[in-house]
Amino acid sequence: MTQSRDNPLSASTTRRIAIAGLMASLALIFSYIEVLIPFNFGVPGIKLGIANLVIIIALYYLNGKYALAINLVRIFIAGLLFSGVFGIIYSLAGCLLSLLTMVLLKRTGVFSVTGVSIAGGVMHNLGQILIAAVVVGTIRVFVYFPVLVISGVITGAIIGIIACLILRRLPGSRADV
Amino acid sequence: MFKKADIILAVVLIVLGLAASYLISFGDELGSELKISSQGSLFGTYSLLEDQTIKVKTDDGHFNRVQIRDGQVSVDAADCTGQDCVHSHAISKGGETIVCLPNKLVLEITGGEKAYDSVSR
C-alpha cells in the first residue's frame, strides 16, 4: 500500500477493491477477445497477451497483491470458460512466474513499465515451456525457447508501451512510469 | 516510456535467445550417431562427437577407412574399384548416407531427428 500513497484512491480500500473487480472483469474480457481473435504470429503458443495489459496496470496503479488477485480470478474463470484444466495449469505457470518477475523488477526501480513488461512477457513464455517440458516429458521442447524469448520481448514491449500510455492518463498516477 | 535499462534488458534477452538457438542447432547435428553396416550386418555405431578413424575390413580382405571429424563423416581411403565412397560428400545430418557398393559398406547417420512434432497451445 505504501507504494502508491500519492494515489488519491489509496485512502479507500473499498474503492481499490471495486477497481480490482472491474479490472478482473476487463482482463476476462481481454482473454475472451484473444480467444475470438487470436493474434497469432505463425508460431504455436505465441500470443499477444492483452490480458497482461490489465495485470501490469493493476501492478502499477494498485499493487502486486491486487495484480495477483486479478490474475488468479482471470485465469480460473477464463480457464473454465475457454480452455479447460490444462489451460489453467499452463496459464498459472506462465502468469505466476511472470508476475513474480515483474513485482521484483518493479521493486528495483531501475526499469520503466516497458522493461518490466518485457521481462514479464519472456518469463510468461518460459513458465509455459517449463510446464510443456513436464507434460511432454522431454527437455526437447526447449527448441522453442529462442522463438519464445524473442516473441516475449516483442509482445512485452508492445504491451508495456500501451500500459505506459494508459497509466499516464489515469487520474492520480505518477508521471514517471 | 523507455529507460536505458529497458533497452539493455531487451537486447540481453534477444542475444540470449539467439545464442540459445545457435546452441540448439549446433547440438542437433552433433547429437547424431554414425551406423556402419558391412556386408549386410551391423559393424558398429559411433558417436559423431568424437573425432576418430575407423577401419572397416571385409572378410575377403578389402577395407574402407572412415573418418569422423567435427561431426562430419567421410571415407578418406578405400581399396575398392571406382572410389565413389571416397569422393562422396561428407555427411553429418540424420538420414544421410554414404554407400560403397563393391565392399558392401553402408554408412548412415542416425539420431538427431527432431523430437518435437506438436506442442500444446
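Lettering of chains follows the sequences in order, A, B, ..., and the numbering in each one begins at 1.
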Asker: Side chain from CB out, backbone as N, CA, C, O: work out which of these in A:L165 comes under 4.5 Å of a heavy atom of chain B, or both, or neither.
Answerer: side chain
Asker: Applying side chain to side chain contact (heavy atoms under 4.5 Å, CB included), run through A:L170 and A:Y60 and close with a yes or a no.
Answerer: CA-CA 11 Å; A:L170 282 177; A:Y60 274 84; over 6 Å; no
Asker: Test side chain to side chain contact (heavy atoms under 4.5 Å, CB included) on B:D51 and B:D70; report intermediate values, then the result.
Answerer: CA-CA 6 Å; B:D51 288 358; B:D70 300 330; 3.9 Å; yes
Asker: Heavy-atom pairs under 4.5 Å with chain B - which of A:I131, A:V153, A:V116 has more of them than the others?
Answerer: A:V153
Asker: Looking at side-chain heavy atoms only, is the closest gap between A:L148 and A:L126 below 4.5 Å?
Answerer: no
Asker: At a heavy-atom separation under 4.5 Å, does A:V110 approach chain B through its side chain, its backbone, both, or neither?
Answerer: both
Asker: Let me know if A:A119 has heavy atoms under 4.5 Å from chain B in its side chain, its backbone, both or neither.
Answerer: both
Asker: Could you walk me through whether A:S112 and B:D6 satisfy the side-chain hydrogen bond (donor to acceptor under 3.5 Å, both in side chains) test, starting with their C-alpha distance in whole Å, then the side-chain angles of each, then the deciding distance to 0.1 Å, before giving a yes or no?
Answerer: CA-CA 7 Å; A:S112 75; B:D6 299 342; 2.2 Å; yes
